[in-house]
A.B. asks: 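I'd like to ask some things about the structure below.
Not measured: the values here are computed from a predicted model. Chain identifiers are assigned alphabetically (A, B, ...) following the order of the sequence lines, protein sequences preceding nucleic acid strands; residue numbering begins at 1 within each chain.
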Number of protein chains: 2
Amino acid sequence: MNHEQKRKSEILKALGHPIRYCIVEGLLSGERNVASLMDCLSLPQPTVSRHLQILKSAGILGVQRAGNEMHYSVINTEARKVVESLR
Amino acid sequence: MNHEQKRKSEILKALGHPIRYCIVEGLLSGERNVASLMDCLSLPQPTVSRHLQILKSAGILGVQRAGNEMHYSVINTEARKVVESLR
DNA sequence: TATTTATATATAAATATACGGATACTTAAT
DNA sequence: ATTAAGTATCCGTATATTTATATATAAATA
C-alpha cells in the first residue's frame, strides 16, 4: 500500500458520507452558500457547516467570502472525476 | 438527498479505507486469493478477510471458491469506474 | 481419519465519527 | 454602537469502525 493509495482513499472517505456526497454533487451543479445547502438537505446549519469543514480540510472544497456568505466550490479534480464517474 | 445518492455514498464509503482501496485496485489488476492480498498488504489474514467481507456486503466484490482458495473479483461497475477515474 | 492449508467469524478494546444544542465569530445594515 | 444574518466551533453523548487475538470452518492431502 503506497502513499498515493492512501491519499486517494482519503478523498473517497470524505465523499463516502451521504450528506457530504450530496453537498459535492450539489456544488457541481452550482449551489453555493451554506443556507442554500441547508434548504436542499433539510439539516440543521451546524451539521452542514461541519461537513463542509471536513470536505474543505480534505482539500475537496474551496471557499470564498461574499459579504456575509461563504461560497463553496469543488476545487479538487479527483473528487470531481469520482462524482462524475457515478453519473 | 435521494436514495441514489445514499447508495453511491455507500460505495464510496466502502472504498474510502486505505486497505480496501488497495484491495480493489489490486483485484482490478488481477490478484485473486486472500493469501496474495495478505502478502501485498503485509497485514494479518483476519484483517484482510474482514475487509473483504465489508467489500462483499457492499456489493463490490464477488467470490468463488477454487479448491482451497477463495477467488475474489470486482463485480460492481460503479466501484470499478470510481477506481479507474483515479488512475 | 488425522493433519495441513486457506479462509472466516467472534469478541473485546481502542479509536474515530456523527449529531444536536449552545455559543462564538464575522460582516452588513441600522 | 447595536442588531441581525450567515456561518463556524465547541461539547457531550451515542454509535460505528478498526484491529488483534483466539477460535472455527472447509477443502485438500497424507
A.B. asks: With a 4.0 angstrom cut-off to heavy atoms of chain B, pull out the first and last contacting nucleotide of DNA chain D, in 5'-to-3' order.
C.D. replies: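 Nucleotide range in contact with chain B: D:dT17 to D:dA28.
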A.B. asks: Watson-Crick or G-U wobble partner for D:dA30, using a 3.5 Å limit on both distances?
C.D. replies: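 Here D:dA30 is engaged in a pair, and the nucleotide opposite it is C:dT1.
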A.B. asks: Give a yes or no on whether a salt bridge exists between B:Glu78 and B:Arg7, defined as a side-chain N under 4.0 angstrom from a carboxylate O.
C.D. replies: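 The answer is yes: the pair qualifies as a salt bridge.
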A.B. asks: Is atom CD of A:Gln64 surrounded by more than 12 heavy atoms (other residues, nucleotides or ligands) closer than 6.0 Å?
C.D. replies: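 Check fails, neighbour count at 12 or below.
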A.B. asks: Of B:Val63 and A:Pro46, whose nearest nucleotide on DNA chain C comes first from the 5' end?
C.D. replies: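 The 5'-side residue here is B:Val63.
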A.B. asks: Taking the side chain as every heavy atom from C-beta outward, state whether A:Leu52 and A:Leu37 have any atom pair closer than 4.5 Å.
C.D. replies: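 They are in side-chain contact.
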A.B. asks: What is the distance, rounded to the nearest whole Å, between atom NE2 of A:His71 and atom P of C:dT27?
C.D. replies: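 Rounded to the whole Å, the gap is 14 Å.
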A.B. asks: Categorize A:Gln45 for me: base, sugar-phosphate, or nothing, with a 4.0 angstrom heavy-atom threshold over every strand shown.
C.D. replies: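 Base contact.
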A.B. asks: Taking 4.0 Å as the cut-off, does a side-chain nitrogen or oxygen of A:His51 come that near to OP1 or OP2 on C:dT17?
C.D. replies: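 It does not, given that no N or O in the side chain of A:His51 lies less than 4.0 Å from OP1 or OP2 of C:dT17.
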A.B. asks: With sugar-phosphate meaning primed atoms plus P, OP1 and OP2, does A:Lys13 contact a base, only sugar-phosphate, or nothing at under 4.0 Å between heavy atoms?
C.D. replies: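 The residue A:Lys13 makes sugar-phosphate contact but no base contact.
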A.B. asks: Is the closest side-chain heavy-atom distance between B:Lys8 and B:Leu12 below 4.5 Å?
C.D. replies: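 They are not in contact (no side-chain heavy atoms under 4.5 Å apart), so the answer is no.
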A.B. asks: What's the CE-P distance between A:Met70 and C:dA28, to the nearest Å?
C.D. replies: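 For the pair A:Met70 CE and C:dA28 P, the rounded distance is 12 Å.
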A.B. asks: Is the side chain of B:Ser49 donor-acceptor paired with the backbone N or O of B:Pro46 at a distance under 3.5 Å, no angle test?
C.D. replies: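 It does not hold such a pair.
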A.B. asks: Touch check for A:Ser49, heavy atoms < 4.0 angstrom, all strands: base, sugar-phosphate only, or nothing?
C.D. replies: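 If one applies the 4.0 Å heavy-atom cut-off, A:Ser49 turns out to touch a base.
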A.B. asks: Taking for each residue the nucleotide of DNA chain C with the nearest heavy atom, is it B:Arg65 or A:Leu43 whose nucleotide lies nearer the 5' end?
C.D. replies: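 Counting from the 5' end, the first nearest nucleotide belongs to B:Arg65.
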A.B. asks: In whole angstrom, what separates A:Ile19's CD1 from C:dA18's P?
C.D. replies: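 Answer to the nearest Å: 9 Å.
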A.B. asks: Taking the side chain as every heavy atom from C-beta outward, state whether B:Arg87 and A:Lys81 have any atom pair closer than 4.5 Å.
C.D. replies: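 Answer no - side chains too far apart.
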